[in-house]
Amino acid sequence: MKEVETQDPEEPRDFIRDIIRADLAQGRCDSVVTRFPPEPNGYLHIGHAKSICLNFGVAAEFGGRCNLRFDDTNPVKEEHEYIDSIQADVRWLGFDWGENLFFASDNFETLYDWACHLIRGGHAYVDDLSAEDIRAHRGTLTEPGKNSPFRDRAPEENLDLFARMRAGEFADGTRTLRVKIDMTSGNINLRDPVLYRILRATHPRSGDTWCIYPTYDFAHGQSDAIEGVTHSLCTLEFEDHRPLYDWLIDNLPTPSRPRQYEFSRLNLTHTVLSKRRLTLLVQEGHVAGWDDPRMPTLAGLRRRGVPPAAIRDFIHRIGLTKSDNRVEVAALEHCIREHLNRSAERRLAVLRPLKVVIENYPEGQSEELEALNNPANPDAGTRQVPFGRELYIDRADFMEEPPKKFFRMSPGREVRLRYAYFVICREVVKNDAGEVIELRCTYDPQTRGGNAPDGRKVKATIHWVSAAHALRAEVRITNHLFTRPDPGAEGDFLQDINSEAMSVLEDCRLEPALGEAPLGEAIQFEREGYFCLDPDTKPGHAVFNRTIALRDSWAKAQAKGGN
RNA sequence: UGGGGCGUAGCCAAGUGGUAAGGCAGCGGGUUUUGAUCCCGCGACCCCAGGUUCGAGUCCUGGCGCCCCAGCCA
């Protein structure tokens, strides 16, 4: 992968980094430790990229470290497949956690001890209330909650009960361990939140060792403290949890004192970035899988051919704040094009073939023409492209009765075949249905390479492929997964799925050099866009995905005029 | 009507009392063997209303709007 590094030389500036700089300057910490804490219950998406780039980026900038920690506290939703995919995706994005791989589940024993510590201090109690009763006692947003009748059990009884919860004496859901804070707090997270629940489910890592599992609130901050995390960066919805986060750290014998800071999560137009919705798309078969090229997952973007550097650049450009936002996908697409324009090699490929016969080109003859691999990068060198009497051009590059501003091929008009010759369409061949099936053209041998000795100009250069040498391929055209910029804003988001998000062109013709296209690396098909070989490719059946189209002001003008 | 946040251009986003950066999108124009790229140009009564100040996007007061929280999810 020939990636172009475009990291802005200037360091990112944002409120989080300002806080860290101040903490360092004022001695509140002497090094920086962050962590990226995914729950292994789904694949990573571009929203996670924001957190990954932040956590790993900050650690690198300040000479600290960033841990990869799995918050694996809910075995009913978590799977090993996700533990593996998440690691692969973080690496692909370009980050390395070295030896610092952790699991919240590795702390289960410590967490159990700390729960007992709270019980002994009279700060936690085993509650026999059912889930419904707990909800009923919790109150509402405007009314305070009521204390559980079990709230004042003696520490000894609580200790005994908690041990028996662990020992499996009670059925799932029949008891919880709760921390005793304040049932009247305006912050609902402080109304005696649950620390432990009974859950008989096989954990991906600890198996059946436990039948009680700590909740997020009792595992996350504690794991941070155990790992020595200094800055625990998370998204805005956890802001309300910070008082609880701090309360627990204050009341537990933790080895360190992490601080939580919140930033706003990324939202993108024309897609969804909630794990719930993405999981639904996969499970209900609306897409082919987590790595479907239409998906905003890192796996999907990778399969589409999006370079990781483009994603990093995108994240860098959108900034980091606490404001709710929905970034236009166009911003991402711009980053992808910008990186690919410099890094991707160019090839000729005809997506919707229309046969062209050069009548004055000798039958049975062929020749090789030199073509630039990347006009944006001379170091990419050149290649030979075969030319012959019979060619294919794209149907969109010919119009029998062209409108005023159409400059491509039409009867009697001279155009350039890229890197080859000037040609003029002399005759249009149609089938019985009146459809154009072939063009009879003549070429000017004097224009070999694409320039006329007499200096005459043409208004268009089109791409082509020699029929005799062409490779066949299937090309998948990917578009936005949703028609609306804000899927689900009015009704069910599934109703907003773009039925044309994936269309397949079965009979494309490629220049021979494309036979050596590497898997997953985007290549520019000139005048069309960037494409990459898909893993669905089989011997004799190449499949390409379109990473992204080139900008097309002609199509845009057409669309505008057509309205 | 409880608690926590957020409001600067169509979309992101700088700005930390001294007279509104930058990017994306859009619109013009130039170059061009990709209608691409590249280059040039064009956009703000800073949510509103008062107040403090020589001076307010920045400070104060009062409104308004939007987001999050009532999982034994994270």
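Each chain gets a letter, A, B and so on, in the order the sequences are listed, and its residues count up from 1.
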For nucleotides 64-67 of chain B, which of its nitrogen or oxygen atoms have a protein nitrogen or oxygen under 3.5 Å away, and what is each distance?
residue : atom : partner  : partner atom : Å
B:C67   : O4'  : A:Asp324 : OD2          : 3.4

So what does [X] touch, heavy atoms closer than 4.0 Å: a base, only the sugar-phosphate, or nothing?
X: A:Thr140; answer: base
X: A:Tyr213; answer: nothing
X: A:Thr321; answer: sugar-phosphate
X: A:Leu141; answer: base
X: A:Arg138; answer: sugar-phosphate
X: A:Ser185; answer: nothing
X: A:Arg408; answer: base
X: A:Asp18; answer: base
X: A:Glu333; answer: nothing
X: A:Ile134; answer: base
X: A:Phe406; answer: base
X: A:Arg135; answer: sugar-phosphate
X: A:Leu129; answer: base
X: A:Asp127; answer: nothing

If you apply the rule side chain to side chain donor-acceptor pair (under 3.5 Å), what do you find for A:Asn479 with A:Arg546, and how did you get there?
CA-CA 9 Å; A:Asn479 284 305; A:Arg546 185 172 76 184; 3.2 Å; yes
Does any donor-acceptor pair link the side chain of [X] with the base of [N] at a separation under 3.5 Å?
X: A:Asp552; N: B:G35; answer: no
X: A:Arg342; N: B:U37; answer: no
X: A:Glu528; N: B:U34; answer: no
X: A:His137; N: B:A70; answer: no

Please state how far atom [atom1] in [X] lies from atom [atom2] in [N], giving the value in whole angstrom units.
X: A:His203; N: B:A74; atom1: NE2; atom2: P; answer: 11 Å
X: A:Asn325; N: B:A13; atom1: CG; atom2: P; answer: 5 Å
X: A:Arg191; N: B:G4; atom1: CZ; atom2: P; answer: 13 Å
X: A:Glu526; N: B:U34; atom1: CD; atom2: C1'; answer: 5 Å
X: A:Arg326; N: B:C68; atom1: CZ; atom2: P; answer: 11 Å
X: A:His220; N: B:A74; atom1: NE2; atom2: P; answer: 11 Å
X: A:Leu351; N: B:U34; atom1: CG; atom2: C1'; answer: 14 Å
X: A:Tyr196; N: B:C72; atom1: OH; atom2: C1'; answer: 13 Å

Evaluate the side chain to side chain donor-acceptor pair (under 3.5 Å) criterion for residues A:Asn67 and A:Glu227: first the C-alpha distance (whole Å), next the side-chain angles of each, then the deciding distance (0.1 Å), finally the verdict.
CA-CA 8 Å; A:Asn67 301 340; A:Glu227 293 171 26; 2.8 Å; yes
A:Phe162 and A:Tyr196 aromatic centres sub-6.0 Å:
yes
Base contacts versus sugar-phosphate-only contacts with protein, heavy atoms under 4.0 Å: please encode nucleotides 23-30 of chain B as B, S and - from 5' to 3'.
SSSSS---
A:Trp210 vs A:Tyr112 aromatic rings, parallel, tilted or perpendicular, using cut-offs 30° and 60°?
tilted
Flag as yes if A:Trp554 stacks onto the base of B:G35 (centroids under 5.5 Å, planes under 30°), otherwise no.
yes
Face-on cation placement of A:Arg416 at A:Tyr421 ring, 6.0 Å and 45° thresholds
no
Which dot-bracket string describes RNA chain B (Watson-Crick N1-N3 plus N6-O4 or O6-N4, or G-U N1-O2 and O6-N3, all under 3.5 Å; [ ] crossing; | other strand)?
.(((((((.[[[..)..(...]]].(((((.......)))))....[[[[[..)....]]]]])))))).....
